[in-house]
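In what follows, a structure is listed as structure tokens, so that the remarks can point back to it.
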Amino acid sequence: MKKVRVRFLLFVYDKTQKLYRKYFKKKKRQWQFNEEQLLQFKEDSLGRKLGEFYKKHGFSMIPKMENHDVHHLITGCGTQFEDEIAMQYLLLGNGKLNAHLLAAVVLGTLILPEYLKLYMKAYRKGQSMRPFYHWDFESLLWQNFDHLNDYIKQKETAVLY
């Protein structure tokens, strides 16, 4: 039964992600790198890690959606459908809010409710991280991945004077 539910979610995602890119990402431009070029970055860089991610999973870059794949690297969220929903919860906890994300969270929860504990854990993880959902990761591809990852995982604290 889970296979049918996941197929339904994949169908909905396939139809809506094109609309999302067209209407919500119309001002955003496609990255100037491809998967092979990312593999030419320094070994410890974000760019190289992203290129290795694409190669490992057999994925290709989707124009205007490149940050989504960086989010997988930074959050440690997998690529199974329940992990995709969990990542949307994490981004919600991190402060991201738009119609597409809310639709994914609501529909994902209704269709795959058995993962609610995973989703709530991801939401709390997003709250514990520095807000990163709005960053331009293309400009950070040269940065050391581990340092960037460590920085994001350190929650900002308020300074009291």
Side-chain angles (χ1 to χ4, degrees), residues 1-28 31 35 38 46-47 49-138 140-141 143 145-158:
M1 186 64 178
K2 179 183 171 189
K3 283 184 181 183
V4 173
R5 293 181 288 154
V6 169
R7 271 194 226 140
F8 173 73
L9 285 172
L10 285 169
F11 172 79
V12 170
Y13 172 76
D14 183 55
K15 300 301 178 195
T16 61
Q17 71 100 354
K18 291 171 186 157
L19 294 172
Y20 176 70
R21 285 190 297 147
K22 182 176 180 179
Y23 294 108
F24 288 91
K25 300 280 188 175
K26 60 180 152 188
K27 292 183 181 178
K28 188 167 173 55
W31 282 13
E35 298 87 345
L38 292 173
L46 172 62
K49 297 291 184 191
L50 184 58
E52 291 168 354
F53 173 84
Y54 288 126
K55 189 174 182 176
K56 175 183 174 185
H57 294 286
F59 295 159
S60 56
M61 298 171 86
I62 299 173
K64 300 183 179 186
M65 298 293 286
E66 300 89 350
N67 278 352
H68 176 87
D69 298 322
V70 175
H71 294 163
H72 278 285
L73 290 175
I74 289 171
T75 63
C77 289
T79 57
Q80 297 296 317
F81 214 86
E82 58 271 14
D83 299 322
E84 292 284 352
I85 303 301
M87 190 166 76
Q88 298 307 310
Y89 267 90
L90 187 146
L91 292 170
L92 182 64
N94 197 247
K96 184 174 182 176
L97 188 60
N98 64 43
H100 193 256
L101 179 139
L102 288 176
V105 164
V106 170
L107 195 57
T109 305
L110 291 173
I111 303 292
L112 296 172
E114 63 268 31
Y115 295 101
L116 190 57
K117 283 185 182 179
L118 173 70
Y119 303 155
M120 297 315 297
K121 183 177 177 183
Y123 179 82
R124 287 188 298 276
K125 182 177 179 181
Q127 288 180 309
S128 73
M129 301 169 93
R130 289 180 190 266
F132 66 86
Y133 66 91
H134 60 287
W135 288 10
D136 172 21
F137 285 104
E138 184 181 19
L140 299 172
L141 291 173
Q143 297 297 313
F145 175 76
D146 290 331
H147 294 163
L148 187 62
N149 205 14
D150 288 345
Y151 178 77
I152 289 170
K153 290 181 179 171
Q154 297 171 1
K155 180 73 172 176
E156 291 182 72
T157 55

- Task: Go through Val70 and Glu138 one step at a time and tell me if the side-chain contact (heavy atoms from CB on, under 4.5 Å) criterion holds.
- Result: CA-CA 9 Å; Val70 175; Glu138 184 181 19; over 6 Å; no

Gap between atom [atom2] of [Y] and atom [atom1] of [X] - 0.5 Å precision:
X      : Y      : atom1 : atom2 : answer
Leu73  : Asn149 : CG    : CG    : 8.5 Å
Cys77  : Lys125 : SG    : NZ    : 6.0 Å
Leu116 : Lys121 : CG    : NZ    : 14.0 Å
Asp150 : Asp146 : CG    : CG    : 6.5 Å
Met87  : Leu92  : CE    : CG    : 13.0 Å
Asp83  : Leu118 : CG    : CG    : 6.5 Å

- Using the test side chain to side chain donor-acceptor pair (under 3.5 Å), find all partners of Arg5 that sit at least two apart in sequence or belong to another chain.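 If we apply the side chain to side chain donor-acceptor pair (under 3.5 Å) test to Arg5, skipping adjacent residues, the hits are Glu114.
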
- Query: Under the side chain to side chain donor-acceptor pair (under 3.5 Å) test, which residues partner Tyr119, sequence neighbours left out?
  - Reply: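 For Tyr119, no residue satisfies side chain to side chain donor-acceptor pair (under 3.5 Å) once neighbours in sequence are set aside.
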
- Could you list the residues that satisfy ring pair (Phe, Tyr, Trp, His ring centres under 6.0 Å) with Phe8, not counting sequence neighbours?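 Ring pair (Phe, Tyr, Trp, His ring centres under 6.0 Å) check on Phe8 returns nothing, list empty.
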
- Task: Please identify each residue that fulfils ring pair (Phe, Tyr, Trp, His ring centres under 6.0 Å) with Phe132, with sequence neighbours left out.
- Result: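 Here the qualifying residues are His71.
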
- Working for side-chain contact (heavy atoms from CB on, under 4.5 Å), residues Asn67 and Trp31: CA-CA 10 Å; Asn67 278 352; Trp31 282 13; 3.2 Å; yes

- Heavy atoms, side chains only, cut-off 4.5 Å: are Met120 and Arg124 in contact?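 Answer yes - side chains close enough.
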
- Query: Are Asn98 and Leu102 close enough that some pair of their side-chain heavy atoms sits under 4.5 Å apart?
  - Reply: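 A side-chain contact is absent here, since even the closest heavy-atom pair is not under 4.5 Å.
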
- Query: Can you tell me if Thr109 and Tyr89 form a side-chain donor-acceptor pair at under 3.5 Å?
  - Reply: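 The criterion, which ignores hydrogens and geometry beyond distance, is satisfied for Tyr89 and Thr109.
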
- Does any donor atom in the side chain of Glu84 or His72 lie under 3.5 Å from an acceptor atom in the other side chain?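 Looking only at side-chain atoms, His72 and Glu84 do form a donor-acceptor pair, the distance falling under 3.5 Å.
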
- Task: Applying salt bridge (charged side-chain N to carboxylate O under 4.0 Å, His left out), name anything that partners Glu82, two or more places apart in sequence or on another chain.
- Result: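 Expected list: Lys2.
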
- Is His57 atom NE2 crowded by more than 12 heavy atoms from other residues, nucleotides or ligands, each under 6.0 Å away?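 Yes, NE2 of His57 has more than 12 neighbouring heavy atoms, counting only those of other groups under 6.0 Å.
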
Got a donor-acceptor contact below 3.5 angstrom from the [X] side chain to the [Y] backbone?
X      : Y      : result
Glu66  : Lys64  : yes
Glu35  : Met61  : yes
Arg130 : Tyr151 : yes

- Might you point out which heavy atoms bring Ala122 and Ala86 nearest each other, and give the distance in Å?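 Where Ala122 meets Ala86 most closely, the heavy atoms are CB-O, 3.2 Å.
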
Run the side-chain donor-acceptor check on residues 49-56: report pairs under 3.5 Å with partners two or more places apart or on a different chain.
| residue | atom | partner | partner atom | Å |
| --- | --- | --- | --- | --- |
| Glu52 | OE2 | Arg48 | NE | 3.1 |
| Tyr54 | OH | Asp69 | OD2 | 2.7 |

